[in-house]
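For clarity, every value in this text was computed on a predicted model and none was experimentally measured.
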Amino acid sequence: FFFKQKTAYEIPKRDWSSDVCSSDLRNRTDGSPRRMILLLVAAIFVVLILFSMPIVFALGVSGVIGLWAGGYDMQVLSSSMVSGSQSWVLLAIPAFVFAGALMEKCGMSHALVDFARALVGWVRGGLGMSVIVVAYFFSDICGSKMAEVSALGSTLMPPLTKAGYKRQDSASLIAAGTAMGMLVPPAIFMIVIAQVTNTSPVALFIGGFIPAATIMVCLMVLVWFRARKYDWPVDSAPDLGLIFTTARRAAVPLVIPIVILGGFFLGVFTATEAGAVVAGYAFVAARFYYKNVSFQQMARIAYDSAILTASVVFLLAVASVFQYLMGVSGVPKMLAEVLAPLESAHWLFLAATALITMMFGMVLEGLPAAVVLIPVVFPIAEKMGIDPIHFNIVQTAAVGIGLFLPPMGVGLLMALRFANLTVGQHWRTYLPYIAALLIGLMLIILLPELTLYLPKKAGLIK
C-alpha cells in the first residue's frame, strides 16, 4: 500500500505518437510540412549551440519556435513541461548528488585509492590497475562523472607521474575508468533514463554492476599488456596486513554499495529512498567519523546539489516539448522503418543505436542525449522485443564512452586538463583504451544475461 500510494500521485506520461492521441494530432503526423518544421527546429538548435547558448535554453527556444511555426496550441508547452518533470524518482537526484559531494569533501576518495593500491599494487602496472578499480568503487558514492574525474585526477595524477607513467597514459586511465563507472550506481544518468523510458531505476541500478565489472576487466587486461610493453613498475609488495589496514579505512565508503545492493535485493527501499539513506549516512560519517566538514560547507554542498537538480529537471521539462514535436512529426515511425532490417538481429540494432548515442554523448553531453534521442528509439526497441533494462544499460554505457571520446567529450577534456595535455597530444595513446571500452560494450550487447542476471535474482524482472 505504501509504494502504491507514493506512485499514485505521479502524472502519467502521454505518448504523443500512439493511437490514443486526439484526431487533430493524428492528422498532423503526416506530410512533409511537419518534417520541415522539425528540420527547422533542429537547425535553430544547432545554431544556438554554435553561439554557445547553454543546451537547456537552446532546447527550450527551438522547441517553442517549433510549436509556433507548426501552429500547435501553445498550451502544449506548459502541459508537456509539467508532465516531463513530475516524478518521484527525480527526488533521488539531489540526495545522491549531496551524498557524493559530501563524501568527496571528506576525503573518502583517498581511502579508496589506498585500498585499491593495496589490492592490485603488487601486479606489474598495479598503480594503473588501481585507477580502474578505484573508479569502480568511487562511482558507487559519487554519482557525478565530472566530480569523479576531478577527484581521481587530483588524487591519482601525482602518484602516476611519480611512478613514471606518461601523462598520456595517466589521463587515459582516468578517462577510461570514469567512462566505465557510468554503469555503477548511483548515477544521475540512470535516474534520468529511467524517467524518460518509464522503467524501474532500481532494476537499472542493480543491472549495472556486472556490465561495469565486465568493462573493468577489459581495461585491466589492457593495462596488464601495456605494463609489460612499457615496463610499468610494481606499485607495492604483496602485504595482507596493508590490505586489511586500508580496507578498514575504506570500510566507511564501501558500506554504501552494500547498502544499495542489499536494500534493493530485499525490497527495503526504492531508488528515491536509497538516495535519502545514502545522504543521511554521508552526513553522519562527515560529522562523527571524519569530522572535517563544517555545517557551513554542508550548506554550500546542499545549495550546489539543489542547483544541479534544478538544471536536470528543467532539462527534462523543456526536452518533453522536443519529444512532442518528434512524436507528431512521425519521427518514431520513420526511424522504425529505417531500422526495420535490423529487427532479426537485436545485437545489430543495439550496436547501431549505441553508436548514435555515443556521438550524441560526445557532442551534447550525457543528459541531453538521454532526453532527446533515447525516448525516440526506446519504443522501437520495445517493439523488437529487446528487454528494456538491457537496452537502457547499453545506452548508459554508450553515453559514458561518448563523454570521454575525442575531440570534444567533456569528460575527456576535463581529464586532459589535469594532465596539461591537448587532444592532439593525447589521442594516439588513448586509442587502445577506447578499443577496450568498445570491446566491453560489445560483450554487454552480445550477452544480455550480464545485465539481466542480478535483476532476475532480485525478482525485478521475469
Side-chain angles (χ1 to χ4, degrees), residues 49-50 52 54-55 100 104 109 127-136 138-139 142-158 160-161 165-184 187-189 211-212 215-216 218-220 222-223 226 308 354-370 373 394-442:
I49 291 295
L50 292 176
S52 301
I55 291 175
E104 195 273 330
S109 58
L127 182 57
M129 290 188 182
S130 69
V131 177
I132 309 300
V133 173
V134 78
Y136 189 97
F138 193 64
S139 293
C142 189
S144 169
K145 293 300 104 182
M146 296 305 102
E148 186 177 346
V149 172
S150 177
L152 295 183
S154 59
T155 305
L156 290 167
M157 193 65 71
L160 285 168
T161 302
Y165 287 74
K166 293 182 178 179
R167 289 180 298 159
Q168 289 86 342
D169 276 300
S170 300
S172 298
L173 286 165
I174 292 170
T178 312
M180 170 271 300
M182 190 76 166
L183 288 167
V184 185
I188 298 173
F189 184 85
I215 298 180
M216 179 177 71
C218 293
L219 290 171
M220 292 182 73
L222 172 65
V223 173
R226 290 184 71 82
L308 177 59
L355 180 62
I356 297 171
T357 302
M358 275 189 279
M359 297 302 103
F360 265 70
M362 179 181 65
V363 176
L364 295 182
E365 305 179 27
L367 294 180
L373 173 68
V394 169
Q395 303 310 312
T396 300
V399 166
I401 296 172
L403 284 171
F404 293 89
L405 280 183
M408 61 183 69
V410 292
L412 176 63
L413 295 178
M414 190 168 185
L416 294 180
R417 190 183 308 164
F418 281 98
N420 195 24
L421 292 169
T422 65
V423 174
Q425 295 170 327
H426 173 257
W427 71 273
R428 290 182 185 274
T429 303
Y430 192 42
L431 289 178
Y433 296 89
I434 295 176
L437 291 170
L438 294 177
I439 290 171
L441 176 62
M442 285 306 301

Enquirer: Could you report the tightest heavy-atom contact between A436 and L222, atom names first, then the distance?
Expert: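 Heavy atoms only, the tightest pair is CB-CD2, 4.0 Å.
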Enquirer: Could you tell me whether the side chain of M182 reaches within less than 4.5 Å of the side chain of V399, counting heavy atoms only?
Expert: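 They are in side-chain contact.
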Enquirer: First locate atom CE of M220, then atom OH of Y136, and finally report the distance between them rounded to the nearest 0.5 Å.
Expert: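 Rounded to the nearest 0.5 Å, the CE-OH separation comes to 12.0 Å.
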Enquirer: Provide the full list of side-chain hydrogen bond (donor to acceptor under 3.5 Å, both in side chains) pairs with a residue in residues 399-423, sequence neighbours left out, each pair given once.
Expert: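 As it turns out, the side-chain hydrogen bond (donor to acceptor under 3.5 Å, both in side chains) pairs with a partner in residues 399-423, which skip direct neighbours, are T422-Q425.
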Enquirer: To the closest 0.5 Å, what do you measure between CD1 (I401) and CG (L437)?
Expert: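 So the gap between those two atoms works out to 5.0 Å.
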Enquirer: Could you measure the distance from the CG atom of L416 to the OG atom of S172? Nearest 0.5 Å is fine.
Expert: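 One gets 8.0 Å once the value is rounded to the nearest 0.5 Å.
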Enquirer: Restricting to non-hydrogen atoms, name the atom on L173 and the atom on I132 that form the minimum distance, rounded to 0.1 Å.
Expert: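 So the minimum-distance heavy-atom pair works out to O-CD1, 3.9 Å.
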Enquirer: Tell me the closest heavy-atom pair linking V184 and A212, and the distance in Å.
Expert: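 That would be CG2-CB, 3.4 Å.
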Enquirer: Please determine whether side chain to side chain contact (heavy atoms under 4.5 Å, CB included) holds for the pair M358 and L441, giving the CA-CA distance in whole Å, both sets of side-chain angles, and the decisive distance to 0.1 Å.
Expert: CA-CA 11 Å; M358 275 189 279; L441 176 62; 4.1 Å; yes
Enquirer: Would you say that V394 contacts T357 through its side chain, given a criterion of any heavy-atom pair below 4.5 Å between the two side chains?
Expert: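 SC-SC contact between V394 and T357 ruled out.
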Enquirer: Is there a side chain to side chain contact (heavy atoms under 4.5 Å, CB included) between T178 and L403 once you walk through the steps?
Expert: CA-CA 10 Å; T178 312; L403 284 171; over 6 Å; no
Enquirer: Got M362 and P406 here, is their nearest side-chain heavy-atom distance under 4.5 Å?
Expert: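 No, side chains not in contact.
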Enquirer: Nearest 0.5 Å please: distance from the OH atom of Y433 over to the CE atom of M180.
Expert: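 These two atoms lie 13.5 Å from each other.
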Enquirer: If every non-hydrogen atom of A171 is compared with every non-hydrogen atom of L421, which pair is closest and at what distance?
Expert: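 Here A171 and L421 meet closest at CB-CD1, 4.4 Å.
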Enquirer: Nearest 0.5 Å, please: how far is CE in M442 from SG in C218?
Expert: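 Rounded to the nearest 0.5 Å, the SG-CE separation comes out at 12.0 Å.
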Enquirer: Quick check: closest heavy atoms across V131 and V134, and the distance to 0.1 Å?
Expert: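 Closest pair (atom of V131, atom of V134, distance): O-CG1, 3.3 Å.
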Enquirer: By side chain to side chain donor-acceptor pair (under 3.5 Å), which residues pair with S170, not counting sequence neighbours?
Expert: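 So S170 forms no side chain to side chain donor-acceptor pair (under 3.5 Å) with any residue.
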Enquirer: Which pair of heavy atoms, one from G400 and one from A179, lies closest together, and at what distance?
Expert: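 That would be O-CB, 3.5 Å.
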Enquirer: I need the L160 CG to F418 CZ distance, nearest 0.5 Å.
Expert: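 Answer rounded to 0.5 Å: 13.0 Å.
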Enquirer: What's the verdict on side chain to side chain contact (heavy atoms under 4.5 Å, CB included) for Y430 and L412, showing C-alpha distance, side-chain angles and the deciding distance?
Expert: CA-CA 10 Å; Y430 192 42; L412 176 63; 4.0 Å; yes
Enquirer: Do M359 and L405 come within less than 4.5 Å of each other through their side chains, counting heavy atoms only?
Expert: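 They are in side-chain contact.
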